[in-house]
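These figures come from a predicted structure and were not determined experimentally. Position 1 is the first residue of the sequence; numbering continues from there.
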Amino acid sequence: MKVRQLIDLLSEYQGDAEIRLVTQPHWPLEHGLDGVVSKSEIDAFEADEDEDTPEPEIDVVYLLEGSPHGYGRKVAWDAMESCR
């Protein structure tokens with residue numbers, strides 16, 4: 001999925017709705033999101049200040065898992081597929 005696709009999908013929801021990440025379709029777990037960071041930001045953080053880090057042609061954006069909220073719902077994947 002690309003950033004633009006995620007933005008388009010999220011634009012259909014209320015702006016103050018909480019975002020949670022549900023993982024593992026067969027044993028779903030729910031987590032909040034703790035933040036967002038890109039591969040280029042990670043590379044720059046790891047690099048020495050004097051060293052130039054080349055920009056990747058296509059960057060990667062990571063959504064960072066936050067606090068667990070318990071078990072998720074298996075039906076979430078079916079509901080998503082029915083909305084496509």
Give me the atom names and distance for the closest heavy-atom approach of [X] to [Y].
| X | Y | value |
| --- | --- | --- |
| Tyr71 | Glu30 | O-OE1, 3.9 Å |
| Val22 | Trp77 | CG1-CH2, 3.4 Å |
| Ser82 | Ala79 | OG-O, 2.9 Å |

Nearest 0.5 angstrom please: His31 NE2 to Ile19 CD1, how far?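 Between atom NE2 of His31 and atom CD1 of Ile19 there are 15.5 Å.
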Once you round to the nearest 0.5 Å, how far does CE of Met80 lie from CG of Leu9?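 The distance works out to 10.0 Å.
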With a 4.5 Å cut-off on side-chain heavy-atom distances among I, L, V, M, F, W and Y, is there a chain of contacts connecting [X] to [Y]?
| X | Y | result |
| --- | --- | --- |
| Val36 | Met1 | yes |
| Leu63 | Leu29 | no |
| Leu10 | Val3 | yes |
| Val61 | Phe45 | no |
| Leu21 | Val60 | no |

Is a side-chain N or O of [X] found less than 3.5 angstrom from the main chain of [Y], in a donor-acceptor match?
| X | Y | result |
| --- | --- | --- |
| Gln24 | Trp27 | yes |
| Asp34 | Glu65 | no |
| Gln5 | Lys2 | yes |

Salt bridge present between Lys39 and Asp43 (N-O < 4.0 angstrom):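 Looking at Lys39 and Asp43, the cut-off is met.
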Is there a side-chain contact between Leu64 and Val37 (heavy atoms, below 4.5 Å)?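 Yes, their side chains come closer than 4.5 Å.
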Determine, step by step, whether Glu18 and His69 satisfy the side-chain contact (heavy atoms from CB on, under 4.5 Å) criterion, reporting the C-alpha distance in whole Å, the side-chain angles of both residues, the deciding distance to 0.1 Å, and the verdict. CA-CA 12 Å; Glu18 184 176 345; His69 290 277; 3.9 Å; yes
